[in-house]
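Residue numbering restarts at 1 for every chain, and letters A, B, ... go by the order of the sequence lines.
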Amino acid sequence: MGDVISVAMGNLLTPMVLFFALGFIAAQLRSDLEIPEAISKGLAIYLMASIGFQGGVKLSHAGFGLNVALSLLAAVALSFLLPFLAYFLLRATTLMKRETAAAVAAHYGSISVVTFVTATEFLNSQGIPFEGHLVAMMALMETPAIVSGLLLARRGASKDGGGLAGDNPQMSGEVLREIFVNGSVVLLVGGFLIGWTTGDRGMDAVGAFMLDPFKGVLCLFLLEMGLVASRRLRASKLGGGMVLAFGLYMPLVGALAGLCMAWLLGLSVGGATLLAVLGASASYIAVPAAMRLAVPKADPGVYVTLALAITFPFNVVIGIPVYLAAATWLFG
Amino acid sequence: MGDVISVAMGNLLTPMVLFFALGFIAAQLRSDLEIPEAISKGLAIYLMASIGFQGGVKLSHAGFGLNVALSLLAAVALSFLLPFLAYFLLRATTLMKRETAAAVAAHYGSISVVTFVTATEFLNSQGIPFEGHLVAMMALMETPAIVSGLLLARRGASKDGGGLAGDNPQMSGEVLREIFVNGSVVLLVGGFLIGWTTGDRGMDAVGAFMLDPFKGVLCLFLLEMGLVASRRLRASKLGGGMVLAFGLYMPLVGALAGLCMAWLLGLSVGGATLLAVLGASASYIAVPAAMRLAVPKADPGVYVTLALAITFPFNVVIGIPVYLAAATWLFG
Amino acid sequence: MGDVISVAMGNLLTPMVLFFALGFIAAQLRSDLEIPEAISKGLAIYLMASIGFQGGVKLSHAGFGLNVALSLLAAVALSFLLPFLAYFLLRATTLMKRETAAAVAAHYGSISVVTFVTATEFLNSQGIPFEGHLVAMMALMETPAIVSGLLLARRGASKDGGGLAGDNPQMSGEVLREIFVNGSVVLLVGGFLIGWTTGDRGMDAVGAFMLDPFKGVLCLFLLEMGLVASRRLRASKLGGGMVLAFGLYMPLVGALAGLCMAWLLGLSVGGATLLAVLGASASYIAVPAAMRLAVPKADPGVYVTLALAITFPFNVVIGIPVYLAAATWLFG
Amino acid sequence: METFKKKRVEIILEQPMVRPMLHLIEKLGVTGYTMLPHLSGKGHTGERGETDLSGALANAMIIVITSQDQAHRLMEQGLKLLTDRTGIIYMSDVEVARDQHF
Amino acid sequence: METFKKKRVEIILEQPMVRPMLHLIEKLGVTGYTMLPHLSGKGHTGERGETDLSGALANAMIIVITSQDQAHRLMEQGLKLLTDRTGIIYMSDVEVARDQHF
Amino acid sequence: METFKKKRVEIILEQPMVRPMLHLIEKLGVTGYTMLPHLSGKGHTGERGETDLSGALANAMIIVITSQDQAHRLMEQGLKLLTDRTGIIYMSDVEVARDQHF
Ligand SMILES: Nc1ncnc2c1ncn2[C@@H]1O[C@H](COP(=O)(O)O)[C@@H](O)[C@H]1O
Ligand SMILES: Nc1ncnc2c1ncn2[C@@H]1O[C@H](COP(=O)(O)O)[C@@H](O)[C@H]1O
Ligand SMILES: Nc1ncnc2c1ncn2[C@@H]1O[C@H](COP(=O)(O)O)[C@@H](O)[C@H]1O
Ligand code: NA
Ligand code: NA
Ligand code: NA
């Protein structure tokens, strides 16, 4: 127990978490500090291409086997199923409208790349290894939750008529695009395949860019995340303590689901921690645009705020070491 | 022969070419993956400053002699003369309008920095050395072709009256600026002179930025190039197979001209390969703006598409190893 | 003396100063070379976070003691007091309007991060150590001068009635924000605290990003500064030789004040050089926006041009080695 | 110089809806449009702007110069496309010199 | 389609003044605005644009669709806020379909 | 508040032509303009936007508030400058409060 606390404290004092805190505090103090939008998008692209590539190189060592294939299937299933649980919890404990609840649920089935990446660096700093295909699992968990979200919203719509934009064929095309060739999915999967194909030779060639500065770039990105989360928190009216509470307990529920799945798949402690993180984290890049298109009546103020301003900080500051502690205790 | 093929296959499986392919495929799948414009301009600036600097440092080892001076003159001549050949071929084999043919010709006399840079990294990965002043030759080949393009367009204009904007003195000033102090020329030449002046001392100071991450940055830039080329291809109507064919055979013609010149100058195998690449590649940064200003009737849909969506991918994927094979066979 | 000159010449031939010169010359030649605004803001953010972090790590070695606390106080005092001197000189030697003189004075009390950073790299290249808390002093010198500028402008206003926007409570809030939670102050102080807290462990984690490429990034940023300074110079009408002269002698006055303060604080030669640089340099990031808000009648054409196009180049090209020579002579 | 009366329709809408709206414009047979990305703003659905990373909260503006008839059609069908959504449409009179260009 | 007459007020001003101006708009009770950042331009105070690093020389535009009355009030008080400053305000007629939205 | 009638001329043109057009505006003696960079769009010459790396396919907008006479002159000579080129010009009525500023 003392160990868990010291590890958690160690997490709090990494440059990553401290830069996140810096951004968060700066925005609370109404500083005009601002990272240009093009820069934060550029940093995100770097992080996604790089983590994909790193995972692929790792898999090129371990090789692709049945257990990897099963893991990928399991990841899709986890992303698809979690929203139903989330929707049930939201409808049971809050007064949230159907459409908004469905959209929020979709976010929690999907994942947050930056939370994942922060967790991998945390594991690296603790010297805990993890399987390379976790990265591919992450990529595949990005969008199945969108489908569940649509099913949930449609179910609501058939009851109270309307609010869904899926009937317009143009709109359906847009939504399908978001599900299958979303930019972040393409980058993660593409980077992964390139890392897998080129292996160590590829890492030798581009490691000085793809690997060495990774942690530092992550710091800058977390600074931006801190600013964004904090500003979102100030602008938001979540409307009710049970909604806010959902943003804090749902990650724990998702992490638990991830740990169960990890147990079924026989992952290592590091891998189990990361799958817990995937279960626990909520999307704020891929899913919001799909929900804006497909479920216009859902309130983006609620789902963006929950994912970005409540669950993301919770996971980065508290969640990650807790999931590691749980994984160590269960599988260590 | 088997060797050539294995080298070519080796080229296909570098992270660089794979990231280009990733971008190309993503855009064909209509992914919304997008690199912010400011980021791709920033990456281009980095690549140009850095390749210039690297070339200058190399020249500081070799020293500046008569052969270097001759090479620079030859480069200017090559860029100036190639458009006449290209124009002749276009007019003989296609129905392209005079103005458009002149503008296309100007693009093929000029060069593509990214193709050159990809080729240098390919040579580096094969352990094949090349002369530092090739970089200066590249810089000087950027814009003489613009002059030839204008001469060709003016020749057309005198026959069918109009379509040229050169009479307006304001416009002439703009075009002259594009020729002499174009941003990419300034960066390449400036970086080269700084590398030459500061030599190894300079490289020690800034190599961790200018050299180490170079290949990785190039990957990200080629990802963007893949997206851009692919989207351009989808938006374009080149109007005729012979136009498309020009985009595929003209690089070979230009490469041959480059190899002849390399033989006259007595370049190494690596240097000859790069001069072939310079002959083969077509501009899509410096020349288009000049052509928009000076030859408004020329169709940018044709020249940007040919240079960016046909010739660029051809060179990066197939051309570079072929030119190396030819140079090895001729001079090796 | 011969030594000073050779050191100064050495400064002129560093990649940093040469890239600055490249930008300057390119803009004078009316090149269309342009660094996207988002990129230059991104580079500035990197430089500030990184220099803050580096300083903090240094302080974690030396420890925080009374002399550090005194130095911080002294820095605030220096920034607060210098504007009064600058205002006096401006009013005594030029016909500048009160408001504009007050605004210019505020700029010279504040500091230029890039000048400071260029000086630290110059010291590093000469192998001259300096105290880590100089970075904290820089951060604290950013904004006290704004207060002095407002006092000076108000004093003028009470005499000739109006021109100050401080009575509007909304505007006062904006100005207070600029003083206390200005983006660059937050980044510098925040980076410093993070470096201090995480120390060598933090540097190990993120040094490959925060430290290694620093000098190269600075080159690119100085290229942009050269472009900006040069374009500003061409667009400006400073209106009178004594105004221009102020931009050249005021840095010497400020440097002298810095050296006196360094003597009182017992700083090392490196530290004294840097405090001279802080005294000598003028803000062009934090102060201009505050002056636009609070002293609308002051002419931004004058204060931005003086700080950016006269004093900045003077310090980077000539000032820094001179201040080092003076510090060596006085304290060496 | 002779000028011709046209309408300038301006549509301010959320970024994810830009493509569907351009699709509608195309379908109506309007000959052109201009798009301004990366705007922020405030309206009945609250403050919007690129404050998140998804672009879901960013605004864009589409400008269309067209005939009176087309403008009315665009306004009507555009508003239908924006039902339940964030976004506004308005139009005004403009004069052009090249009647046939619009 | 029935349309309603409104005013479109456009304010071009220096970046540092955007927040105070939005504050004024809010205070007047106007229901919405749209902001376009990063513009350049030229006027009586000379050339402006993001040529420095502070943003002090950048321009922005604020667009407000509102009633005739509010538009006049905004123009009057907006001009007062811009006294001694760089910036222009002008207004024009527009038609909207949803009267109550503005 | 008293207002004065002016014209708002809007020019949408390709990025490389921005400087020549600003030169024309200056030559006509117009006192100011505002420039919006990085637009995309579609017209008779097809789709345009910053999809290449040269900027040759990007659009920009120039806004000019000026007198009726100057507006007509700008429209006429601006269209001449854009002969054979991509780009559109149109104008509309606006009201300003400071007559002498424009
Ligand atoms: N009265 C208005 N004037 C100008 N822009 C507006 C106005 N109302 C709304 N907008 C813009 O339209 C977007 C969506 O408005 P709404 O649907 O009312 O939330 C806002 O974010 C603003 O950019
Ligand atoms: N006549 C005009 N037409 C369009 N924009 C203008 C005009 N005059 C001024 N502006 C814009 O308003 C800003 C401030 O103008 P000024 O206060 O006259 O210097 C300029 O930088 C331009 O962006
Ligand atoms: N009807 C229109 N409405 C709005 N913008 C237009 C229209 N037609 C053309 N444009 C803009 O003007 C640019 C050039 O048009 P064009 O010369 O017709 O190809 C286009 O790329 C659009 O940005
Ligand atoms: Na999840
Ligand atoms: Na060529
Ligand atoms: Na100072």
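In this structure, A:Tyr284 and A:Phe312 have perpendicular ring planes: the angle between them is above 60°, well past the 30° mark.
Neither the backbone nor the side chain of A:Arg231 comes within contact range of chain D; no heavy atoms are under 4.5 Å apart. Of the two parts of A:Met291, neither the backbone nor the side chain holds a non-hydrogen atom closer than 4.5 Å to a non-hydrogen atom of chain D. When heavy atoms are compared at a cutoff of 4.5 Å, A:Leu308 approaches chain D solely by way of its side chain, counted from C-beta outward. The part of A:Phe221 that comes within reach of chain D is its side chain, from C-beta onward, which places non-hydrogen atoms under 4.5 angstrom from that chain. Heavy-atom distances place the side chain of A:Glu224, and not its backbone, under 4.5 Å from chain D.
At a cut-off of 3.5 Å, with distance as the only test, a side-chain donor of D:Thr86 or D:Thr45 sits close to an acceptor on the other residue. With hydrogens and angles left out, the side-chain atoms of A:Ser230 and A:Gln28 include a donor and acceptor closer than 3.5 Å.
In A:Leu95, the CG atom is not crowded: 12 or fewer heavy atoms of neighbouring residues, nucleotides or ligands sit closer than 6.0 Å. Atom CZ of A:Arg177 has more than 12 heavy atoms from other residues, nucleotides or ligands within 6.0 Å.
Atom CD in A:Glu142 sits 3.5 Å away from atom OG in A:Ser184 (nearest 0.5 Å). Atom OG of residue A:Ser31 and atom CG of residue A:Leu22 lie 9.0 Å apart, to the nearest 0.5 angstrom.
Taking 4.5 Å as the heavy-atom cut-off, the residues of residues 16-38 of chain D that approach chain A are D:Pro16, D:Met17, D:Arg19, D:Pro20, D:His23, D:His38, ordered by number.
A donor-acceptor pair under 3.5 Å is formed between the side chain of A:Ser79 and the backbone N or O of A:Ala145.
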